[in-house]
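For reference, the structure is listed below as structure tokens.
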Amino acid sequence: MNYYVNEDIKNTVRVFPEQGRYGYLRYDMNENPEGLPKDFVDAVLREITPEFLSVYPEPDRFLHKYASFIHAGFDNVLATNGSDMGIRYLLETFGERGKEVLTAAPTFEMYGVNCSILGLKHVSVSYEDDLSIKVDHIVNAITEDTRVVVLVNPNNPVGNVYTEDEFQLIAARAKEKGAIVVVDEAYHYFYPNTFLEYALREENVIVLRTFSKLFSLAACRIGVMVSNPRIIQYIKNARLTFDVNAVALLFAEHILDRPELVAELIDAEKEGRAYIRDELEKNGYECRPCEGNYILVKPNLPARKAARILKEQKKILVHTFSNELLKEYLRISTGSVKAMRIFLEAFLEIDRSDDR
Ligand code: PMP
């Protein structure tokens with residue numbers, strides 16, 4: 001039978017994340033390996049009644065709260081079904097078929113995937129062999145054909161950040177060429193700097209945040225987009241009517257009500273990341289310090305083999321890469337010292353250099 005299928009979608013190659021991860025210790029997707037305190041979760045669940053579940057989601061109460069949490073206005077913020085959905089909306093709204101979306105490479109893969117789905121030309125500036133990135137290469141790659149420039153800050157998986165001067169250089173060039181700048185701050189709070197003030201002040205800057213990382217709500221699917229009211233209005237035109245579910249909104253709202261819990265989550269991860277880095281370095285490992293809730297480490301064993309043994313023998317999941325620049329590394333999501341100690345013991349046991 002002959003039916004129409006969108007060529008761009010037909011030709012898009014997808015690799016979906018592995019499933020069946022519940023029984024494992026999960027250090028592979030930059031979630032919080034331990035999750036939120038159980039008493040917090042139980043308290044929120046008690047509010048979920050038959051009436052609550054029967055009503056369509058109403059995001060505004062959450063959005064008012066979030067706006068004041070980040071000292072912005074209600075018309076500066078929009079909730080999305082994870083920042084995953086935020087990325088899709090942004091590229092649908094500001095991408096132009098055949099024109100360019102600029103990213104660093106490697107970076108979070110959904111930027112490239114959405115370019116493929118939407119027929120946008122994905123241009124990427126590669127990291128150098130030493131995993132540094134040349135900001136002037138990014139600046140020079142912004143042309144008349146660039147519609148969107150994406151800066152993931154800190155970048156996943158490389159873990160670097162852009163300084164204020166570097167950001168200003170890139171943003172000025174993007175403005176000159178009429179391009180939107182998306183700053184993906186999925187890993188904010190693990191790294192305190194932010195370009196939020198630019199998103200509120202400038203015509204063309206958008207910040208993306210997620211509740212999947214520090215806030216430990218990856219299952220709920222909630223992200224936030226922050227920009228000037230005009231940009232937010234364009235995205236509102238593009239969005240699905242009920243894209244963020246009410247359970248996600250409820251959990252997110254309750255987290256914002258608990259600043260002491262947020263502070264504890266930040267401290268626990270910070271301590272855990274410093275601990276695992278120190279211990280790995282003490283044991284002679286080369287670690288790449290990253291500004292998100294992850295580290296990159298070069299095992300003695302080939303990386304894929306180390307990951308396979310961790311999974312099979314220790315029920316531990318870690319992330320490996322096919323990218324040339326990172327193929328010798330494992331990416332380990334970081335959490336509390338307790339979570340890191342469990343990883344460390346297992347890792348040191350399986351990664352003996354004589355096993356190569
Ligand atoms: N941006 C970056 C940089 C990420 O690493 C991730 C998840 N790994 C996301 C966005 C998507 O997050 P979510 O859809 O869970 O909000």
Side-chain angles (χ1 to χ4, degrees), residues 15-38 41 106 108-109 131 154-159 186-187 189-191 212-219 264-323 325-356:
V15 181
F16 289 97
E18 190 183 349
Q19 297 197 17
R21 299 168 60 248
Y22 284 96
Y24 289 85
L25 297 161
R26 298 166 302 276
Y27 301 91
D28 55 334
M29 288 184 75
N30 300 344
E31 300 146 318
N32 176 348
E34 294 171 302
L36 290 167
K38 181 147 184 340
V41 174
F108 181 51
E109 68 190 15
L131 294 180
N155 189 19
N156 172 26
V158 187
Y187 297 96
Y189 297 109
F190 304 116
Y191 169 70
S212 302
K213 306 298 178 187
L214 180 85
F215 294 145
S216 317
L217 291 174
E264 277 166 33
L265 290 167
I266 295 171
D267 288 348
E269 189 280 337
K270 206 168 162 186
E271 223 189 316
R273 192 171 2 140
Y275 166 82
I276 188 72
R277 238 191 95 187
D278 279 3
E279 290 296 320
L280 287 170
E281 278 171 3
K282 264 190 234 161
N283 281 280
Y285 284 100
E286 186 186 325
C287 273
R288 181 179 160 79
C290 295
E291 299 287 354
N293 62 333
Y294 45 90
I295 52 163
L296 294 171
V297 60
K298 267 190 192 165
N300 295 315
L301 293 172
R304 277 183 196 281
K305 184 172 178 190
R308 182 171 45 77
I309 298 174
L310 279 169
K311 183 175 176 187
E312 286 169 1
Q313 295 181 10
K314 301 290 179 185
K315 302 268 298 168
I316 282 181
L317 302 178
V318 297
H319 190 77
T320 56
F321 300 94
S322 40
N323 184 292
L325 290 172
L326 294 174
K327 68 178 197 308
E328 290 177 13
Y329 285 97
L330 297 176
R331 189 190 66 197
I332 317 295
S333 307
T334 47
S336 70
V337 170
K338 186 172 162 219
M340 291 298 97
R341 200 170 276 143
I342 296 171
F343 166 77
L344 184 74
E345 274 173 26
F347 179 66
L348 294 180
E349 220 176 286
I350 65 106
D351 191 48
R352 288 185 301 255
S353 46
D354 49 334
D355 280 353
R356 263 172 181 275

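This structure is a prediction, so every number in the text was calculated from the model and none was measured. Counting begins at 1 with the first residue of the sequence.
In this structure F321 satisfies the ring pair (Phe, Tyr, Trp, His ring centres under 6.0 Å) test together with H319, sequence neighbours excluded. Applying the side chain to side chain contact (heavy atoms under 4.5 Å, CB included) criterion to N323, with sequence neighbours excluded, gives P106, L325. Evaluation of the side chain to side chain contact (heavy atoms under 4.5 Å, CB included) rule for E328 yields K298 as partners, not counting sequence neighbours. In this structure E291 satisfies the salt bridge (charged side-chain N to carboxylate O under 4.0 Å, His left out) test with no other residue, sequence neighbours excluded. A search for ring pair (Phe, Tyr, Trp, His ring centres under 6.0 Å) contacts involving Y187 returns Y294, not counting sequence neighbours. Here E281 pairs with R277, C287 under the side chain to side chain contact (heavy atoms under 4.5 Å, CB included) rule; sequence neighbours left out. Shown here are the side chain to side chain donor-acceptor pair (under 3.5 Å) partners of K338, two or more places apart in sequence or in another chain: there are none. Applying the side chain to side chain contact (heavy atoms under 4.5 Å, CB included) criterion to S212, with sequence neighbours excluded, gives T210, A218, R221. Contacts of R331 classified as salt bridge (charged side-chain N to carboxylate O under 4.0 Å, His left out), with partners at least two apart in sequence or in another chain: none. Looking at residues two or more places apart in sequence or on another chain, you find no ring pair (Phe, Tyr, Trp, His ring centres under 6.0 Å) involving F108. Legend: residues meeting ring pair (Phe, Tyr, Trp, His ring centres under 6.0 Å) with Y27, ordered by chain and number and at least two apart, are F343.
For P154 against G159, the heavy-atom pair with the smallest separation is CB-O, 4.3 Å. Contact between T320 and A303 at its shortest, heavy atoms only, is CG2-O, 3.8 Å. Scanning all heavy atoms of the two residues, the minimum distance from L217 to L36 falls at CD2-CD1, 3.7 Å. Taking each heavy atom of T334 and P33 in turn, the nearest pair found is O-CD, 3.9 Å.
Contact annotation: the side chain of I276 never approaches that of I332 to less than 4.5 Å [non-hydrogen atoms, C-beta and beyond]. You'll find the side chain of F347 reaches within 4.5 Å of the side chain of L330, heavy atoms only. Within the 4.5 Å cutoff, no side-chain heavy atoms of Y189 are placed close to those of E269. In this structure the side chain of L310 never reaches within 4.5 angstrom of the side chain of L25, judged on heavy atoms. Using a 4.5 Å heavy-atom threshold, the side chains of Y285 and N300 count as touching. Side-chain atoms of I350 and I316, non-hydrogen and from C-beta on, never get closer than 4.5 Å to each other.
One finds the CG atom of N156 at 9.0 Å from the SG atom of C290 (value rounded to the nearest 0.5 Å). Note: E34 CD to I342 CD1 = 7.0 Å, rounded to the nearest 0.5 Å. In this structure, the separation between CE on M340 and CG on D278 is 13.5 Å, given to the nearest 0.5 Å.
Evaluation of the salt bridge (charged side-chain N to carboxylate O under 4.0 Å, His left out) test over residues 15-29, restricted to residues two or more places apart or in two chains, returns E18-K311, R21-D28, R21-E31.
A donor-acceptor pair under 3.5 Å links the side-chain atoms of R273 to the main chain of G292, judged by distance alone.
Neither side chain, N293 nor S333, offers a donor N or O lying under 3.5 Å from an acceptor on the other.
For K314, the NZ atom sits in a packed shell: over 12 heavy atoms of surrounding residues, nucleotides or ligands are nearer than 6.0 Å.
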For this session: For D351 and I309, run side-chain contact (heavy atoms from CB on, under 4.5 Å): C-alpha distance rounded to whole Å, both residues' side-chain angles, the deciding distance at 0.1 Å, then the answer.
Result: CA-CA 9 Å; D351 191 48; I309 298 174; over 6 Å; no
